[in-house]
Amino acid sequence: MEELEEKGDDGLIDQLRLPLDRRSMMRRTTALGTGAGLFSGISTGASKRSRSAGKRPADPAIANDVRREFLRAWKEYKEHAFGHDRLKPLSETYDEFFLEDESLGLTIIESLDTMYLMGLDEELSIAVEWIEENLTFDYDQEIQVFEATIRLVGGLIAGYKATENETLLDLAQDLADRLLPAFEKSPTGMPYRFVNLRTGEVSSGFFDNPENFMAEIGTHIVEWGELSELVGDDKYYNAAKNALQAAYERRSNLDLLGATINVETGEWTDTLARIGPPVDSFYEYLWDGWALFGDSDLLEWYSVLLDGIFDHQAEWYNDYLWFKRVDMNTGELGDRQQSELSQFFAGLLVESGQPDLGGAYHDSWTQVHEKFGLPPGQINYSDLSAVWPSWYLRPEYLGPALLLYDETGDEVYRDRAYRHYQQMKTHSQVENGYTVIEDVTTRPMERGDLTMGYWFSENMKYFYLLFAEPDRLDRDNYYLTTEGNVVRGLQ
Ligand code: DMJ
């Protein structure tokens with residue numbers, strides 16, 4: 001990485017402002033992964049980074065359109081699916097995401113802080129009233145621990161911060177207490193994938209053995225750390241940190257993580273290292289845990305693992321920055337496939353002090369958006385072909401656009417986000433809101449029948465924050481979870 005560092009940040013940022021073709025030529029000569037430790041020096045420079053470089057000009061016309069579209073979809077949800085987890089907008093029905101035949105009000109919980117930011121106070125009261133009257137976690141059924149943390153615990157905490165309604169915090173704590181056995185019963189501290197909400201019995205879902213994915217093991221510390229602070233009990237933070245540490249300690253000699261591990265024996269069962277799922281937010285929460293709680297262990301683990309990634313996975317391929325999938329022990333190439341969820345990594349690089357590289361990776365994915373309109377679920381970046389053609393209303397291109405815009409003020413990121421917004425309206429907008437795309441390669445794009453919960457908590461929040469200046473958010477000091485829940489900065 002020496003070569004990059006010697007050029008200095010300003011040089012790189014200037015490069016990024018050049019038209020893409022000129023930038024590409026320069027990149028060809030830029031070294032990656034020379035072992036110099038791109039991330040090992042960040043401890044002194046990057047403590048608790050603010051996510052915003054200050055006020056940016058709002059664009060009320062676009063912001064109002066986003067708010068209107070959010071409200072339209074929310075009202076359709078209320079009409080056809082209210083109280084259920086998710087709207088199926090084409091069939092005007094619903095499904096339950098977590099439990100069999102029981103709802104945990106997923107869309108309602110995912111919408112709370114977005115409604116607060118948009119000033120939709122009447123709708124917010126209706127949502128909170130539903131929670132107060134109906135939400136319970138006392139079911140004799142198992143729940144997926146990771147999804148429950150990021151969507152429900154996080155959504156309730158953000159809702160509590162928005163409304164100061166104590167019931168929301170009590171429910172978040174009640175749920176976390178029911179999830180805790182997944183960590184406590186594991187001999188390694190890495191959680192089991194599922195836990196029975198009433199009995200605390202654990203299981204591993206479709207796995208024959210007690211296996212779990214890296215992301216599902218390591219994406220808890222933000223929500224659980226916030227909860228620890230709010231209720232004054234560090235057991236939640238400690239459980240989340242132990243899980244991260246147990247996985248970190250099993251990294252390979254190349255400082256890489258695999259994807260799947262046996263949580264009882266600590267043996268790796270999938271050794272293909274990748275920045276995307278099912279690992280992705282493991283890295284995000286190491287950084288976020290440090291940024292939010294100032295725990296320097298997390299920073300050290302983040303730095304070591306990110307250096308491993310830059311040494312063994314990062315490459316300029318056809319002049320664009322990509323991250324190949326390699327064996328965690330040998331570094332041998334697995335393939336050049338990339339999940340579209342990997343786009344989040346651009347934002348993580350921005351947050352952890354590498355906006356130049358974050359911007360470069362966003363550029364890489366922008367080619368994919370330009371080629372297909374909306375990104376396929378999985379691509380092969382050697383020829384930008386679609387490996388899996390679905391787009392499930394995912395927000396991973398937008399989150400980094402917001403971070404890059406806040407960090408650099410460069411309008412190119414709002415332009416990209418606005419183009420994405422138009423594509424979403426063209427292909428996903430239906431009479432009853434927005435729906436997933438099964439195949440982005442057909443025209444018209446083939447649609448599925450579902451509005452994801454995170455569309456309410458992530459996509460529409462990111463669009464809104466890119467174009468609005470809500471006075472309910474401290475734009476210089478806010479923090480979003482991996483699910484887009486605002487855990488710091490609501491006012
Ligand atoms: C969200 O549930 C979260 O962002 C998670 O970390 C992975 N991505 C989905 C949305 O695509």
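Numbering of ligands and ligand atoms starts at 1, following listing order.
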Tell me whether the rings of Phe345 and Phe310 are parallel (<30°), tilted (30 to 60°) or perpendicular (>60°).
parallel
Decide yes or no on side chain to side chain donor-acceptor pair (under 3.5 Å) for Asn196 and Gln141, but give the supporting numbers first.
CA-CA 5 Å; Asn196 183 297; Gln141 286 197 45; over 6 Å; no
Heteroatom proximity flag, Arg394 to ligand 1, N/O under 3.5 Å
yes
Check: Trp322 ring centre within less than 6.0 Å of Trp365 ring centre:
yes
Please write down residue, atom name and distance for the protein heavy atom closest to atom 8 (N) of ligand 1.
Glu396 OE2, 2.7 Å
Give the residue, atom name and distance (to 0.1 Å) of the protein heavy atom nearest atom 1 (C) of ligand 1.
Glu483 OE1, 3.0 Å
Enumerated ligand 1 atoms positioned under 4.0 Å from heavy atoms of Pro395
10 (C), 11 (O)
Check against side chain to side chain contact (heavy atoms under 4.5 Å, CB included), Ser352 and Tyr302:
CA-CA 9 Å; Ser352 55; Tyr302 177 81; 2.6 Å; yes
Hey, which of Arg419, Glu340, Gln343, His362 is the one that makes side chain to side chain donor-acceptor pair (under 3.5 Å) with His369?
Gln343
If you measure from each non-hydrogen atom of Glu147 to ligand 1, which part falls under 4.0 Å: side chain, backbone, both or neither?
neither
Note: Met452, heavy atoms under 4.0 Å from ligand 1, region reported as neither
Should the proximity of Arg151 to ligand 1, defined as any heavy atom under 4.0 Å, be assigned to the side chain, the backbone, both, or neither?
side chain
Identity of the nearest option to atom 6 (O) of ligand 1, non-hydrogen atoms only, from Thr482, Leu341, Asn485
Thr482
Which atom names give the shortest non-hydrogen contact between Tyr116 and Gln491, and what distance separates them?
OH-O, 2.6 Å
Parallel, tilted or perpendicular: ring planes of Phe456 versus Phe70, cut at 30 and 60 degrees
perpendicular
For Glu458, the ligand 1 atoms whose distance to one of its heavy atoms is below 4.0 Å
1 (C), 3 (C), 4 (O), 10 (C)
